[in-house]
Amino acid sequence: MKDATPITEQESLEIIHSMIQKAKTSYHDRGISSLLWGTVVTIASLISFLQIQFQFNLPVDIWFLVMFAIIPQIIISRNEDKTIKVKKYEDEAIDTIWMVYGISIFCLIFYLNVVPAVTDKLLVNEGIELLERNKEALGATKPFHYFIPSGFSLFLILYTLPTLVTGVVKKYKPMIVGAIICYVMFFVSCFTETKYDMLCGAIAAISCWLIPGIILQRKYLKSKVSNV
Amino acid sequence: MFKDLDPILHSQLRLAVMSLLIGVKEAEFTFIREKTNSTAGNLSVQINKLKDAGYIDVNKKFKDNYPLTTCKITKKGIDAFEEYVKNLQAYLKTS
């Protein structure tokens with residue numbers, strides 16, 4: 001593009017239109033974060049399902065290990081920052097949503113771990129004892145500990161939020177479809193046992209992050225090859 | 001009565017730079033050069049003109065020992081661009 005040539009009003013309009021389009025389409029997400037979280041959450045959900053199905057316990061909580069995926073995520077984010085040549089307002093908004101999502105997941109884990117024990121304590125303080133009775137064992141009773149039913153369903157609602165926002169803002173259909181599948185999995189998980197909730201979680205992670213991540217990675221590699 | 005089109009913006013490369021920057025928070029010099037298909041020398045001259053007019057902010061720093069120039073549109077630049085588009089539409093409506 002040269003600058004000395006005089007331009008007509010029509011040409012001005014064309015330049016404005018084409019440059020705005022170029023800025024809009026300059027999105028080169030490599031999909032590494034999606035691949036990372038898609039893989040980690042899928043594996044953790046499947047292992048949780050297998051643990052319940054085949055009655056075995058790993059020496060460590062698999063979901064505790066998921067938290068360690070934050071370390072490679074920080075490294076990925078730093079590397080991506082180095083390669084990004086243009087910062088968009090929408091990217092900043094999306095990054096904030098994912099950050100809020102991370103904090104919300106942490107809060108939800110805290111809630112699920114703390115609320116049952118606190119509720120038990122509050123009930124004891126009020127002089128209330130909950131008991132569960134087994135009808136088949138001729139009315140045998142034992143203390144009932146408060147718990148939050150289908151807690152995993154709450155995670156599924158949270159998974160949907162940033163995924164759907166990213167998909168809509170970036171006009172990236174695989175993530176929109178993934179988020180809709182995740183919503184469906186949420187409704188399914190409300191009616192199923194905990195072990196099947198884990199399978200719902202695995203399906204949600206595959207559709208929300210793993211498949212969109214694979215597609216993004218392929219697109220990125222393709223564009224890289226075509227630029228050589 | 002038509003207003004004159006802003007001479008700072010009514011030029012191929014400067015208008016392209018402003019149109020790119022209007023939709024983003026900030027962009028590196030290499031990104032702008034790539035998208036406008038311009039030479040580094042010419043782009044540098046035009047960016048300086050936009051900077052002198054107060055339409056863009058230019059930030060020069062070092063990243064991994066390499067110079068890095070980033071450009072960002074200013075409030076004055078946004079107003080000027082909007083005014084330019086408005087005047088352009090008025091011209092096109094009558095022609």
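Heavy atoms of B:Glu34 lying under 4.5 Å from chain A belong exclusively to its side chain. At a 4.5 Å heavy-atom cutoff, A:Glu11 makes no contact with chain B through either its backbone or its side chain. Contact of B:Leu88 with chain A is made through the side chain alone, with heavy-atom distances under 4.5 Å. Residue B:Val45: no heavy atom, backbone or side chain, is found under 4.5 Å from chain A. Neither the backbone nor the side chain of B:Phe29 has a heavy atom closer than 4.5 Å to any heavy atom of chain A.
For the atom pair NZ (B:Lys25) and NZ (A:Lys88), the distance works out to 14.5 Å, reported to the nearest 0.5 Å. A distance of 4.5 Å separates CG of B:Leu15 from CD1 of A:Ile16, quoted to the nearest 0.5 Å. Expressed to the nearest 0.5 Å, how far CD1 of A:Ile7 lies from CG of B:Leu5 amounts to 9.0 Å. In this structure, B:His10 NE2 and A:Thr8 OG1 are separated by 7.5 Å, a value rounded to the nearest 0.5 Å. With rounding to the nearest 0.5 Å, the separation of CD in B:Glu26 from CD1 in A:Ile84 is 11.0 Å. Note that the NZ atom of A:Lys85 and the OG1 atom of B:Thr70 stand 13.5 Å from one another [nearest 0.5 Å].
Counting heavy-atom neighbours within 6.0 Å of A:Phe110 CZ, excluding the residue itself, gives a total of 12 or less. Counting non-hydrogen atoms of other residues, nucleotides and ligands closer than 6.0 Å to NZ of A:Lys173 gives a total of 12 or fewer. Counted within 6.0 Å of CZ on A:Phe56, heavy atoms from surrounding residues, nucleotides or ligands total more than 12; the atom is thus considered enclosed.
Among all heavy-atom pairs drawn from B:Gly23 and A:Tyr89, the shortest one is O-CD1, 4.3 Å.
Looking at heavy atoms from C-beta onward, A:Ile15 lies in side-chain contact with B:Gln12 at the 4.5 angstrom threshold. In this structure, B:Thr36 and A:Met19 have side chains that are in contact, with non-hydrogen atoms separated by less than 4.5 Å.
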